[in-house]
Amino acid sequence: MFPASGRCSVVFRHNPEAVKLVINWKDRGQRELTNLFAAVVADSLKSEDLSNFVLAPIPERSASFKKRGWRPVAQLAERLGAITHLPVDEHAFRFKVQPSEQRGLSTNLRYDNLAEVFQYESEAPKLLIIDDVFTTGATLLSALRAASESKKIQTNDVKVLALVASRKDYERRIGSFFEIET
């Protein structure tokens with residue numbers, strides 16, 4: 001169903017304070033947290049060899065952008081790129097179809113909702129996919145699948161990163177796809 005697994009770096013394990021920070025950042029417009037998150041992510045990546053990698057943020061759903069008025073993950077990628085000197089390709093992924101809101105969906109419905117939604121558009125030789133929350137892994141797996149199916153990039157040249165890993169009970173399911181590091 002999905003391509004070979006990869007490594008998923010998670011900056012914050014699920015805890016109420018980390019989740020609250022991400023909610024304040026995304027949904028309550030506390031954009032100043034972008035700098036904090038970018039600095040923490042950059043620090044977590046400092047031992048990685050990211051030569052030839054391009055930062056690729058997961059795109060924002062149109063409805064989310066209309067509601068928030070900004071794209072938190074894209075801005076995180078821009079700030080992270082400025083710190084790490086890695087290029088950012090905000091258009092590496094686009095939606096072929098707009099998915100529904102993920103919040104409130106069961107694990108299986110999340111996977112169904114995101115099946116085949118991404119189109120990979122980049123020519124980057126290596127990719128670091130960035131998202132805000134890793135709940136079930138559906139978003140990141142769908143993006144990884146789109147990149148590998150494009151034949152433009154090898155799965156082993158893709159890394160994924162999420163700010164917060166949500167609920168530990170999902171690790172059993174996603175552990176077969178990703179080696180999760182914190």
Side-chain angles (χ1 to χ4, degrees), residues 6-95 98-99 101-104 110 114 117-118 120-122 124 126-144 146-147 158-167 170 178 180-182:
R7 258 192 33 245
C8 180
S9 298
V10 174
V11 179
F12 301 107
R13 284 282 190 193
H14 176 75
N15 69 66
E17 292 306 312
V19 171
K20 189 185 302 183
L21 278 175
V22 170
I23 289 170
N24 287 340
W25 172 59
K26 285 175 35 175
D27 296 331
R28 297 195 176 116
Q30 293 184 6
R31 295 180 188 200
E32 67 277 5
L33 289 171
T34 305
N35 291 331
L36 170 68
F37 289 147
V40 173
V41 171
D43 188 58
S44 76
L45 295 173
K46 67 184 176 192
S47 64
E48 297 282 335
D49 177 12
L50 296 176
S51 306
N52 300 316
F53 272 81
V54 171
L55 302 174
I58 292 294
E60 193 84 16
R61 290 181 323 109
S62 296
S64 296
F65 176 70
K66 286 178 186 174
K67 177 182 168 187
R68 294 183 182 125
W70 72 300
R71 292 181 168 85
V73 177
Q75 287 194 7
L76 173 63
E78 287 295 328
R79 184 67 196 121
L80 183 58
I83 294 170
T84 62
H85 307 290
L86 292 172
V88 177
D89 186 349
E90 190 175 332
H91 304 289
F93 294 98
R94 71 169 178 81
F95 289 118
Q98 285 286 317
E101 168 68 47
Q102 292 283 90
R103 218 172 289 182
R110 284 174 181 249
L114 290 169
V117 299
F118 291 114
Y120 182 68
E121 301 284 326
S122 184
K126 295 183 177 186
L127 202 62
L128 177 58
I129 303 171
I130 300 173
D131 202 7
D132 52 358
V133 177
F134 190 119
T135 302
T136 63
T139 302
L140 293 170
L141 285 170
S142 183
L144 179 63
V158 179
K159 296 181 184 187
V160 296
L161 181 133
L163 274 178
V164 176
S166 191
R167 300 204 346 234
Y170 286 117
F178 290 115
I180 301 172
E181 298 178 342
T182 55

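Because the structure is a prediction, the values reported are computed rather than measured.
Glu121 meets the side chain to side chain donor-acceptor pair (under 3.5 Å) test with Arg94; sequence neighbours excluded. Take Lys67 and apply the salt bridge (charged side-chain N to carboxylate O under 4.0 Å, His left out) test, not counting sequence neighbours, and it matches no residue. Remark: Glu32 engages no residue in a salt bridge (charged side-chain N to carboxylate O under 4.0 Å, His left out) (not counting sequence neighbours). For Arg28, there are no salt bridge (charged side-chain N to carboxylate O under 4.0 Å, His left out) partners, not counting sequence neighbours. Applying the side chain to side chain donor-acceptor pair (under 3.5 Å) test to Asn35 and every residue at least two apart in sequence or in another chain returns Arg79. Residues passing the salt bridge (charged side-chain N to carboxylate O under 4.0 Å, His left out) test with Lys46, sequence neighbours excluded: Asp43. By the side chain to side chain donor-acceptor pair (under 3.5 Å) test, Ser51 is found to be paired with Asp49, residues two or more places apart in sequence or in another chain being considered. For Phe95, the ring pair (Phe, Tyr, Trp, His ring centres under 6.0 Å) test picks out Phe118, with sequence neighbours left out.
Put simply, the side chain of Leu33 does not reach to within 4.5 Å of the side chain of Val22, judged on heavy atoms. In this structure, the side chains of Gln102 and Leu114 come closer than 4.5 Å at one or more pairs of heavy atoms.
Of all heavy-atom pairs between Ile129 and Leu144, the closest is CD1-N, 4.2 Å. The two atoms that bring Ser142 and Val117 nearest to each other are OG-CG2, 4.1 Å, heavy atoms only. In plain terms, the two heavy atoms of Gly104 and Arg110 that are nearest each other are N-NH2, 4.2 Å. Between Ile83 and Ala42 the shortest heavy-atom distance is CG2-CB, 3.6 Å.
Listed by first and then second residue, the ring pair (Phe, Tyr, Trp, His ring centres under 6.0 Å) pairs that reach into residues 38-58 come to none, sequence neighbours excluded. The stretch residues 56-65 participates, sequence neighbours left out, in these side chain to side chain donor-acceptor pair (under 3.5 Å) pairs: Glu60-Arg68, Arg61-Ser64, Arg61-Glu101, Ser62-Gln98. Sorted by first then second residue, the salt bridge (charged side-chain N to carboxylate O under 4.0 Å, His left out) pairs that include residues 17-26, not counting sequence neighbours, are Glu17-Lys20, Lys26-Asp132.
The structure places OG1 of Thr139 at 6.5 Å from CD1 of Ile58, a figure rounded to the nearest 0.5 Å.
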Would you sort out whether Trp25 and Leu76 count as a side chain to side chain contact (heavy atoms under 4.5 Å, CB included), showing the intermediate values? CA-CA 11 Å; Trp25 172 59; Leu76 173 63; 4.0 Å; yes
In a table with atom names and distances, give each donor-acceptor pair under 3.5 Å that connects a side chain of residues 84-93 to protein atoms at least two apart or in another chain.
from, atom 1, to, atom 2, distance (Å)
Thr84, OG1, Leu80, O, 2.8
Thr84, OG1, Leu86, N, 3.4
Asp89, OD1, His91, N, 3.0
Asp89, OD1, Ala92, N, 3.1
Asp89, OD2, Ser122, OG, 2.9

